[in-house]
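Predicted model only: the values in this text are computed from it and were never measured.
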Amino acid sequence: QVQLVESGGGLVQAGGSLRLSCAAPGFTLEHYAVGWFRQAPGKEREGVSCISYSDSSTYYADSVKGRFTSSRDNAKNTVYLQMNNLKPEDTAVYYCAANTMRSRCPGPIFTRHEYDYWGRGTQVTVFS
């Protein structure tokens, strides 16, 4: 069973920054598109970003565009989500997920069932 591992969450004041990491022990993220999702209490899990393997192209939800940046270091088998200018509405559990059916993200479309392997999430709490 492949289990991704997120880290880097925490408590931060509005306007602050965090960098999340997504590692994949025993599994190679290279060649696959990797997405970030988040789920706030009482809400559906929503897509935040996707980064392709083939050209490292990235796509973002409108709510985070211009503030969040996804990157990947294939040598370290790790994907990152840099989150700047955080807002209280960004508070959620953040998950990374690998889409083994695609090496390239299908645009700013985040279809949960296309992602095969997930992490357990890391909590991000933004206070004002």
Side-chain angles (χ1 to χ4, degrees):
Q1 181 75 13
V2 175
Q3 182 78 65
L4 306 186
V5 180
E6 304 93 341
S7 61
L11 182 66
V12 63
Q13 191 169 18
S17 299
L18 286 173
R19 188 176 81 154
L20 305 184
S21 298
C22 173
F27 176 75
T28 302
L29 287 173
E30 193 173 4
H31 303 298
Y32 304 128
V34 176
W36 286 95
F37 292 75
R38 68 185 181 185
Q39 187 166 17
K43 294 189 176 181
E44 293 286 322
R45 191 172 299 187
E46 64 175 356
V48 173
S49 71
C50 182
I51 182 166
S52 302
Y53 161 73
S54 53
D55 59 1
S56 291
S57 55
T58 51
Y59 300 89
Y60 302 95
D62 288 343
S63 58
V64 306
K65 200 174 297 182
R67 300 187 298 120
F68 289 13
T69 303
S70 186
S71 61
R72 63 193 305 160
D73 185 334
N74 290 327
K76 294 183 177 180
N77 198 34
T78 302
V79 172
Y80 304 97
L81 184 68
Q82 177 68 43
M83 306 186 296
N84 297 329
N85 190 23
L86 283 160
K87 304 176 181 181
E89 52 263 42
D90 295 318
T91 295
V93 178
Y94 283 72
Y95 302 87
C96 64
N99 185 336
T100 62
M101 298 300 292
R102 296 180 183 273
S103 61
R104 194 172 191 281
C105 303
I109 302 169
F110 311 99
T111 305
R112 286 176 53 185
H113 68 76
E114 287 196 352
Y115 290 81
D116 311 274
Y117 301 124
W118 292 78
R120 294 182 177 179
T122 185
Q123 177 70 47
V124 171
T125 303
V126 185
F127 63 95
S128 57

Would a single hydrophobic cluster contain both [Y] and [X], if residues Ile, Leu, Val, Met, Phe, Trp and Tyr are joined by side-chain heavy-atom contacts under 4.5 Å?
X: V48; Y: V79; answer: yes
X: Y60; Y: V34; answer: yes
X: L18; Y: V126; answer: yes
X: W118; Y: W36; answer: no

After noting the C-alpha distance and the side-chain angles of D90 and M83, does the key distance pass the side chain to side chain contact (heavy atoms under 4.5 Å, CB included) rule? CA-CA 9 Å; D90 295 318; M83 306 186 296; over 6 Å; no
Answer yes if the side chains of S70 and T58 hold a donor-acceptor pair under 3.5 Å, and no otherwise.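 Judged by distance alone, the side chains do not pair up.
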So, do Y32 and Y117 sit near enough that their side-chain heavy atoms are less than 4.5 Å apart?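 SC-SC contact between Y32 and Y117 ruled out.
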Answer whether the closest heavy-atom distance between the side chains of S49 and V64 falls below 4.5 Å.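 SC-SC contact between S49 and V64 ruled out.
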Should R120 and E6 count as an ion pair when the cut-off is N to O under 4.0 Å?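 Salt bridge between R120 and E6, a charged N being under 4.0 Å from a carboxylate O: no.
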If you apply the rule side chain to side chain contact (heavy atoms under 4.5 Å, CB included), what do you find for F110 with E46, and how did you get there? CA-CA 8 Å; F110 311 99; E46 64 175 356; over 6 Å; no
Less than 6.0 angstrom from the centroid, inside 45 degrees of the normal: does R19 satisfy that with respect to the ring of Y80?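 Here R19 passes the 6.0 Å and 45° test against Y80.
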Does R45 qualify as a cation-pi partner of Y95, given the criterion of NZ or CZ under 6.0 Å from the six-membered ring centre and within 45 degrees of its axis?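 Verdict for Y95: a cation-pi partner in R45.
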Does E44 CD have over 12 foreign heavy atoms under 6.0 Å away?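 No, the 6.0 Å shell around CD holds no more than 12 heavy atoms from other groups.
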Parallel, tilted or perpendicular: which fits the ring planes of Y94 and F68, with parallel below 30° and perpendicular above 60°?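 Ring orientation of Y94 relative to F68: tilted.
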